[in-house]
Amino acid sequence: MSKNLVIVESPAKAKTIEGYLGKEYTVKSSFGHVRDLATKDLSIDVEHDFKPLYEIMPDKLKMIKDLKKLADSSEIIWLATDEDREGEAISWHLSEVLGLKPANTRRIVFHEITKTAITEAILHPRSIDQNLVDAQQARRVLDRLVGFELSPILWKKVKPSLSAGRVQSVAVRLIVEREEDIRAFNSTFAFKVTGIFDVENEFGKATIKADLPKRYATSAEAKAFLEICSNATFTVADIETKPAKRSPAPPFTTSTLPQEASRKLSFSVSRTMTVAQQLYEAGKITYMRTDSVHLSLTALGMAKEEIVRSYGQEYHKSRQFTTKSKGAQEAHEAIRPTYLNQSAVDGDASQRRLYELIWKRTIASQMADAALEKTNIYINISTSKEQFVAMGEVIKFEGFLKVYLESTDDESEKEEGLLPQLKKGELLGMNEITAVQKFAQPPARYNEASLVKKMEELGIGRPSTYAPTISTIQKREYVVKEDREGASREFEQLTLRAGKVKSAIRIEKFGFEKNKLFPTDIGELVTRFLMQSFIDIMDYNFTANVEKEFDEIAEGLQEWNHIIRDFYGPFHRKVTEALESKERAKGEKLLGPDPKSGKNVYVKIGRYGSMAQIGETESEEKPRFAGLRKGQSIESISLEEALKLFDFPRPIGEFEGGEMIVGIGRFGPYVLHNKKFYSLKKTDDPVTLTADEAIDLIVEKRVVEANRTISEFVERPDVKVLNGRFGPYISIGKENYKIPKGSAPASLSLNECLEIAKSAPPSAKKKGFVKRGKK
DNA sequence: CAGTGAGCGAGCTTCCGCTTGACTT
């Protein structure tokens, strides 16, 4: 048994550190938090200074038992959790549950995982900072109070199983409000004039493209301008060149990495985080959940060496960036390769690509500025006071651009290249001038990565929760991520060529969206509901404001339960008020009368989601109901579309003596035949589906079913080897089992199947192990 | 997996932040 026990948060870190410390030290990890508020009810004694009721998390019980054994037999216990609020709290909870004594307990922190940093930390231990721990308790208690008092209001007043919280509700609000802005957006237009001119001088022949800074509001004005140009001469009025520089972006954090991985690699936020985790565990990159852009001295040194070696001294420039985001805690470094001389790693394609991105970004951040030369050429029009301007950009020294350039979300980036050589006063030949009707763009919808960016800006959520929060608001069906078809519109293009102005009407596509976040009916309804009664919690600055209070607790200027008391009083009154006074929110909307019956047609939110209704709920005669289909919403559905929903179920013919009926169910449109259900394909339309198409569906499914069974056993009809979505598996009754690698599924005997089932680990679906956010 | 929606009432749901696996049909 070694003399010293060191406890860190992550097992990967523990492994590395153990190597640095030698055999006098055993290094273990806590796997994050070990104790939390009990899961049942509030678990906060509101009457007695908000005393929290803590409980060891069920999946940590065994680990704590093992740690306790080790701690009891060690001379000194070193608590080396992260140096931030949550890390301090983990150390405190550990010392409580392990029964550590101050005499032989040391709290240490280090900022980078190197032998020097760790030995240095061991030389300068301190004790647990109770103020910082209290700031964390305040954070934890506040989140529980908000979440567990708001959610039940939604269950009663909107729909069961909904949730609300300090972070998720504000994230949903961002998406709802962006959608409202887009709906309210009035697309104005203006005519943009561009000229193409011919150049012919001692440097050769070329063309030059130049824009008119002035835009014209109407087609008539644009046309008048082109006509003025038709017999004008064009001369170079002025040539302006000025040097410019461009600097590299800071190294990655948990917010910027998914943004770039989304833009450059089309990764979702969760995929980026999963792959980054794999790289971290393989020792390839530093920790991936960080809000810091700081690089260690070791990293700076490695970067310099690599850059000088590969590109030369003049490409290197040492930079240290400072973190600007609200509420950053900086317990870690920026995300960077562990070894900067490795520009590539082994692994699957995702790992290699993400690593390359991280490597380039880190290296570029330590490289020299790019030197540019910007050129503006102004072109006079003999018949007008307006001027055309051509803009060009030439790279004089690549600097960091040799390695990496950050992308932007704005796709309409200007390409500014090299301009032909010209002289002041030179005459240009007019090739053509166009005036194109350009529509203004509405605000852009969020995608996952840009939502993370916005949340970081507002200080909402933490690096470890960005990805889970995004999946929570989708699982609760407040938000959907999807593609939407755009629409087409006409625009006018006027062209001046050979002295004549011609007008053409063209068609452009616009509004196409891919993988964007849209609010659902329920998301909009819940946001509206919470905004009415809990505007302060929905405020974009709520988190930033409470963070200031937590900081005061951390500095010892305030008692944590006083802060909570001041918050809880008014908050709880509003909760009671909302429960007593507010009506059930249904988001009901009247679409108009049903032409057949004359009764009103409504859309509203019911227990199972959005639905349409014909007739009144209060009337003697029961109303008819029909669920809205996927992609339809209360906000956008028309009366005609709503009425179509009542055409189901619809008989469409017979097959093998049984009637076929098309219907729309919870899982989308289907055909019912002989008590069996057949889902329609995405391309099939339930309104127009014919009997022949339905028969195709039935036959097709039968083929799949026939291929599903690999083997059956006469002795045990409940045991089967089947083909599933994830490959072959064994099904016994209602349980399914994985087939171990190396055994051929088709040749498994009944005994072998039963053996596999027996030795299989127990199902993880037991209570208490269901992951957050999953249903 | 499969067609609900009124109202009654049982018993359930829910937060954020720190960490990894286990395992899906």
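Here is how names work: the chains are called A, B, and so on, in the same order as the sequence lines, proteins then strands, and each is numbered from 1. Because the structure is predicted, anything quoted here is derived from the model rather than measured.
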Touch check for [X], heavy atoms < 4.0 angstrom, all strands: base, sugar-phosphate only, or nothing?
X: A/Leu142; answer: nothing
X: A/Met57; answer: base
X: A/Ser30; answer: nothing
X: A/Gly32; answer: base
X: A/Ala89; answer: nothing
X: A/Val167; answer: sugar-phosphate
X: A/Ile664; answer: base
X: A/Pro11; answer: sugar-phosphate
X: A/Gln613; answer: nothing
X: A/Tyr678; answer: nothing
X: A/Tyr602; answer: nothing
X: A/Gly609; answer: base

Parallel, tilted or perpendicular: rings of A/His673 and A/Phe655 (30°, 60°):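 It falls in the tilted class, 30° to 60°.
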Considering only [options], which nucleotide approaches the side chain of [X] most closely?
X: A/Pro160; options: B/dT13, B/dT20, B/dC18; value: B/dT13
X: A/Phe148; options: B/dT14, B/dC16, B/dT19; value: B/dT14
X: A/Thr472; options: B/dA2, B/dC15, B/dG17; value: B/dC15
X: A/Tyr287; options: B/dC16, B/dT19, B/dT13; value: B/dT19

[X] side-chain N/O to [Y] backbone N/O, donor-acceptor pair under 3.5 Å:
X: A/Lys157; Y: A/Leu579; value: yes
X: A/Arg584; Y: A/Val158; value: yes
X: A/Ser43; Y: A/Thr39; value: no
X: A/Lys622; Y: A/Gly615; value: no
X: A/Thr290; Y: A/Glu333; value: yes

Whole angstrom value for the distance that separates [atom2] of [N] from [atom1] of [X]:
X: A/Glu83; N: B/dC18; atom1: CD; atom2: P; value: 14 Å
X: A/Trp155; N: B/dG9; atom1: CH2; atom2: P; value: 19 Å
X: A/Lys62; N: B/dG21; atom1: NZ; atom2: P; value: 14 Å
X: A/Asp59; N: B/dG21; atom1: CG; atom2: P; value: 12 Å
X: A/Glu88; N: B/dG17; atom1: CD; atom2: P; value: 18 Å
X: A/Lys60; N: B/dG21; atom1: NZ; atom2: C1'; value: 12 Å
X: A/Met273; N: B/dG17; atom1: CE; atom2: P; value: 14 Å
X: A/Asp41; N: B/dC15; atom1: CG; atom2: C1'; value: 13 Å

Ion pair present between A/Glu86 and A/Arg462, side-chain N to carboxylate O less than 4.0 angstrom?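 Salt bridge flag = no for A/Arg462 with A/Glu86.
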Is [X] near enough to [N] that one of its side-chain N or O atoms lies under 4.0 angstrom from OP1 or OP2?
X: A/Arg289; N: B/dT19; answer: yes
X: A/Ser464; N: B/dC18; answer: yes
X: A/Arg166; N: B/dG17; answer: yes
X: A/Arg476; N: B/dC15; answer: yes
X: A/Gln277; N: B/dT20; answer: yes

5' priority, DNA chain B, between A/Ser610 and A/Ser163 [closest heavy atom]: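 Checking each residue's closest nucleotide, the 5'-ward one belongs to A/Ser610.
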Taking the nucleotide of DNA chain B with the closest heavy atom to each, which residue, A/Gly627 or A/Ser161, is nearer the 5' end?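 Its nearest nucleotide lies further toward 5', so the answer is A/Gly627.
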Has the side chain of A/Arg140 got a donor or acceptor atom sitting under 3.5 Å from an opposite partner on the base of B/dC15?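 Such a pair exists between side chain and base.
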Quiz item: A/Arg462 side-chain donor-acceptor pair to B/dC18 base, under 3.5 Å: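 No such pair is found, so the answer is no.
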Using the six-membered base ring of B/dC1, report whether A/Phe677 stacks on it, requiring centroids under 5.5 Å and planes under 30° apart.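 Here the ring of A/Phe677 and the base of B/dC1 are not stacked, as the 5.5 Å and 30° limits are not both satisfied.
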Audit row: A/Lys574, A/Asp536, salt bridge (Lys or Arg N to Asp or Glu O under 4.0 Å) steps and yes/no: CA-CA 11 Å; A/Lys574 279 184 197 153; A/Asp536 40 355; 3.3 Å; yes
Between B/dC23 and B/dA2, how many Å separate the two C1' atoms, rounded to a whole number?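 These two C1' atoms come out 27 Å apart once rounded.
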